[in-house]
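Position 1 is the first residue of the sequence, and the numbers go up from there. Just so we're clear, the structure is a prediction, and the values are computed from it rather than from any experiment. Every number for a ligand or one of its atoms is a count from 1 in the order of the listing.
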Amino acid sequence: MANPLYDRLFGCHAGNTALFLHLQGGEALSYDAFLKLAARYAHAFRAAGLAPGDRLAVQVEKSPQALAVYAAAVQAGIVFLPLNTAYTGDELGYFVSDSGARVLLCDPARVGALQAVADASGAALLTLGPDGAGTLADAAEGQPETFETTPRDEGDLAAFLYTSGTTGRSKGAMLTQTNLLSNAEVLVDYWRFTGDDVLLHALPIFHTHGLFVATNVILLAGASMIFLPKFDTDAMIAHLPRATTMMGVPTFYTRLLDDPRLERALVGHMRLFISGSAPLLAETHVAFEARTGHRILERYGMTETNMNTSNPYEGERRAGTVGFPLPGVELRITDPETGAEKPRGEVGMIEVRGPNVFKGYWKMPEKTAEELRENGFFITGDLGQIDARGYVSIVGRAKDLIISGGYNIYPKEIELLLDDQPGVLESAVVGVPHPDFGETVVGFIVPEKGATPDLDAIAEAAAGSLARFKHPRRLIMLDALPRNTMGKVQKNVLRAEYGGLFAAG
Ligand code: MCA
Ligand code: AMP
């Protein structure tokens, strides 16, 4: 095939007038109309100088047009690099320069902040607003509604997704055509998606979950989506009656459970509820089943690997587990020190291998070598075990990671910023339980001798350079950080002592 990812997800729908996206307000877009829009964008991107293999950095609000940008990139062989809309100009500057993106596509409202970012990297700036207007639309106007699909091999890059790192520097995970396509094929089959499905889609489309898991599966199945700009409980309740399936992070489920309108009659017709990106508490699982009669299907994945495991469609969906390795994915538990495989039942490092596993980190061969073994196993940084029946559970993290509402936050990035503030000797950032976001960020600050750092000014500094979801929800001054005899900061002690800061009730 000329371009397997494009042909299987998009090209096969050419001329298909079946509905693809249902929008708020009753409008809908057919597959055919969507593909024509994408083709016009592909022409505009070529005209803007994007050649096959070039990176297109994209920070725009969720909209059908934003999704068509993804389709256009795949059709034109351009590497798609979506970025969280919450990222600040500082954060974006790194992604654009590190990736060498040739074009940055942003919201028209952000041009003032981002023109300098684009200029600093020599990238061209194009705009796309939530209503589809902007310089991209201008450039696409009058372009042909078909585009000759750029041939790609299965190993060619389709996307870069940046994932934060333990050192504070984000890493660009390079995902190939095969990584994305193989995983979508497995998931359609495993979760029984067909052309009759209607997915209630309220996730952002700049991460694996909302983009590759949700969208690729729907495209491959020829199904449709109710495409909401973001999660909003009222909108979810209003649209659930027309959906057959929903995918969400645990916060979606806890927020729905907080609403008395979630009841059996509302969702009795639904076929499947899927959760992932963060641990689903067993109590959420149990409460959701008691209220709706549905057992949520929990699965486990990563940016670098797409989906690795899933609870079964038929058979027991076990609360507190992430199910079985997906077909084609090998999963083993190893000793974090030696790398030796551990016997079933023991806790250790989760490693995975398969066509889903990424190609490596962009321009970081050493990081790649640290995490991706020569034999193809990727060291996930998650600690887990496999029970006698083969169910995998994640029991902890070997990596210092906070997951807030499904967004990953590496403490190091925040600690580096806190350490730089006037009067701060050192800092530690930990995640503590939070009733809405699962975990949230708390920063601990040790002042320099005789200094009294201004916590409000520090919070302001964080607000200026870090995305809102990374801001410490509390800053606490300490005389010293707890350390073990080796001098290592004991974050577990901080978590234990301050774990109740946001306790519900
Ligand atoms: C928004 N805020 C957050 C978060 N989201 N703070 C911490 N953590 C968050 N996740 C900020 C807002 O800016 C706002 O700040 C305040 O918190 C409350 O806003 P709210 O209206 O409640 O936020 P929201 O728009 O409702 O967003 C919450 C959300 C959203 C629906 C949980 O964050 C979301 O859609 N998360 C999904 C993330 C996701 O797709 N992850 C998949 C990654 P202020 O109060 O100052 O105004 S892919 C992945 O992890 C792997 C591969 C996998 O397995 O899927
Ligand atoms: P990301 O960096 O966005 O790719 O996030 C991947 C990480 O999210 C994994 O390494 C896990 O730590 C976590 N994760 C994803 N799904 C689950 C799940 N179902 N349960 C627990 N953790 C999860």
N/O separation below 3.5 Å, E304 to ligand 2:
no
Using a 4.0 Å heavy-atom threshold (strictly under), name the region of H207 that reaches ligand 2: side chain, backbone, both or neither.
neither
Please confirm whether F358 and F378 have ring centers closer than 6.0 angstrom.
yes
Under 4.0 Å from a heavy atom of F469: give me the atoms of ligand 1 that qualify, with their elements.
3 (C), 4 (C), 6 (N), 7 (C), 8 (N), 9 (C)
Any non-hydrogen protein atom below 4.0 Å of atom 52 (C) of ligand 1?
yes
Does the separation of the ring centres of F444 and Y498 fall below 6.0 angstrom?
yes
Check this for me - ligand 2, T163, N or O atoms closer than 3.5 angstrom, yes or no?
no
Is there a heavy atom in Y300 that sits closer than 4.0 Å to ligand 1?
no
Taking D197 first and then R192, would you say they form a salt bridge - that is, a charged N and a carboxylate O separated by under 4.0 Å?
no
For Y87 and F95, I'd like to know if the aromatic rings sit close, meaning centre-to-centre distance below 6.0 Å.
yes
Please check whether D382 reaches ligand 2 - meaning an N/O of the residue sits under 3.5 Å from an N/O of the ligand, judged on distance alone.
yes
Quick test of your reading of the model: are E298 and R318 salt-bridged, counting only N-O distances below 4.0 Å?
no
Check whether any N or O atom of P204, backbone or side chain, sits under 3.5 Å from an N or O atom of ligand 1, and answer yes or no.
no
Looking only at protein heavy atoms, identify the closest one to atom 19 (N) of ligand 2 and say how far it is in Å.
R299 O, 2.7 Å
Y300 to ligand 2: N or O pair under 3.5 Å?
no
Would you confirm whether the ring centroid of F212 sits within less than 6.0 angstrom of the ring centroid of H207?
no
If we number the atoms of ligand 2 from 1 as shown, the ones under 4.0 Å from a heavy atom of I394 are 20 (N), 21 (C), 22 (N)
Quick one: which ligand 1 atoms are inside 4.0 Å of a heavy atom on F231?
31 (C)
Can you list the atoms of ligand 1 that are under 4.0 Å from a heavy atom of R473?
3 (C), 6 (N), 7 (C), 11 (C), 17 (O)
Option nearest atom 1 (P) of ligand 2 (shortest heavy-atom distance, choices L161, T305, V249, N408):
N408
Atom 13 (O) of ligand 1: any protein heavy atom closer than 4.0 Å
yes
Nearest-contact summary for atom 21 (O) of ligand 1 - protein heavy atom, Å:
K230 NZ, 3.9 Å
Among non-hydrogen protein atoms, atom 49 (C) of ligand 1 lies closest to S277 OG, 3.6 Å
Got an N/O contact under 3.5 Å between R468 and ligand 1?
yes
How far is atom 17 (C) of ligand 2 from the closest protein heavy atom, and which atom is that?
A278 N, 3.7 Å
How far is atom 13 (C) of ligand 2 from its nearest protein heavy atom, and which residue and atom name does that atom have?
I403 CD1, 3.5 Å
Nearest neighbour of atom 21 (C) of ligand 2 from the list P279, G323, S393, G301, on a heavy-atom basis:
P279
Name the closest protein heavy atom to atom 7 (C) of ligand 1, giving the residue it belongs to and the distance to 0.1 Å.
S404 OG, 3.0 Å
Hey, are E413 and R169 close enough for a salt bridge, meaning a charged N less than 4.0 Å from a carboxylate O?
no
Restricting to heavy atoms, the pick from R255, R299, H207, M302 nearest atom 43 (C) of ligand 1 would be H207
Give a yes/no verdict on whether any heavy atom in H209 is under 4.0 Å from an atom of ligand 2.
no
For G405, take its heavy atoms, then give the atoms of ligand 1 lying under 4.0 Å from any of them.
10 (N), 32 (C), 33 (O), 36 (N), 37 (C), 38 (C)
What about N408: any of its N or O atoms under 3.5 Å from an N or O on ligand 1?
no
Considering only protein heavy atoms, which is closest to atom 16 (N) of ligand 2, and at what distance to one decimal place?
S277 N, 3.2 Å
